[in-house]
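Heads up, the thing below is written out as structure tokens.
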Amino acid sequence: MKGEIIVLTGAWIQVLGTVIAAIGETILVKEEHIGFRLVSIGNGFEAVGNSLQAAGGEKASRGSDGERLRITGAWVQAAGNVTNVRAAELQFSGEEVKGLKLDVIGDSVQSIGAELEAYGASLGDARFKKLLTTGNTIQSLGAALEAIGETFILKGEREIGLQITAFGSYAQAAGATIAAVALTKEYSDDDGECEKKKLTE
């Protein structure tokens, strides 16, 4: 169960990161500069969470295609998160255009990673795979919305862009939470099944 525990720990760290980032995006809608720092911190937590999920997934993997896709997706998401950390720091230091362009890349990479995880989950045989697939899909859509919002800001439509980005960040937080709940239920049920087997042996 060591790999599963690492995955689960990473999933909930990712949830924490998405919530912090969403709060930061909300503050940015109010034009408060400190929001960039919260977005940076949040994405840092997300990067750690995704990396743990990838590393734990590698330990727990039985070598199926679905598992490999989920592991790859988690690493891709982590790369996107690191890019977003750098982007937020650039914007915090006043290099907004450069940071926004990097943000679009980071969020697009995150979206691809989450979609890989969603597809991988859909191929698996987990009891809660529909819930996990749904959570990862919502994360992917949320990251894509953030990239769209940032594109609007780059085009000079700041107000609507900030609103779209904030909405996307909350969608990511919702998706990450759904995925973490699915994994928690899955692994809790696995423990229960193991105990039942022990009792009947």
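Residues V7 and L52 form no side-chain contact, since every pair of their non-hydrogen atoms from C-beta on lies 4.5 Å or further apart. You'll find the side chain of E95 reaches within 4.5 Å of the side chain of S93, heavy atoms only. Two residues are said to be in side-chain contact when any heavy atoms from C-beta on lie closer than 4.5 Å; Q91 and V39 fail this criterion.
With rounding to the nearest 0.5 angstrom, the CG atom of N43 is 14.0 Å from the CZ atom of R86. Here I153 contributes atom CD1 and K101 contributes atom NZ; the two are 14.0 Å apart, rounded to the nearest 0.5 Å. Rounding to the nearest 0.5 Å gives a distance of 8.5 Å between CD of Q110 and OG1 of T83.
Considering only residues two or more places apart in sequence or on other chains, E89 meets the salt bridge (charged side-chain N to carboxylate O under 4.0 Å, His left out) condition with R37. Every salt bridge (charged side-chain N to carboxylate O under 4.0 Å, His left out) that R158 has, sequence neighbours left out, goes to E31, E96.
Residue pairs that meet the side chain to side chain donor-acceptor pair (under 3.5 Å) test with at least one member in residues 112-124, sequence neighbours left out, are Q77-E117. Contacts classified as ring-ring contact (aromatic ring centres under 6.0 Å, His included) and involving residues 18-45 (residues at least two apart or in different chains) are given here: H33-F36, H33-F92.
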If you look only at distance, which donor and acceptor atoms sit under 3.5 Å apart when one is on a side chain in residues 9-19 and the other is two or more places apart or in another chain?
| residue | atom | partner | partner atom | Å |
| --- | --- | --- | --- | --- |
| T9 | OG1 | I5 | O | 2.8 |
| W12 | NE1 | T184 | OG1 | 2.9 |
| Q14 | OE1 | Q53 | NE2 | 2.7 |
| Q14 | NE2 | N50 | OD1 | 3.4 |
| T18 | OG1 | Q14 | O | 3.4 |
| T18 | OG1 | V15 | O | 2.7 |

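With a 4.5 Å cut-off between side-chain heavy atoms of Ile, Leu, Val, Met, Phe, Trp and Tyr, the cluster of I148 takes in L145, F152, I160, I164, F167.
Considering all non-hydrogen atoms of both residues, G73 and L116 come closest at CA-CB, 3.8 Å.
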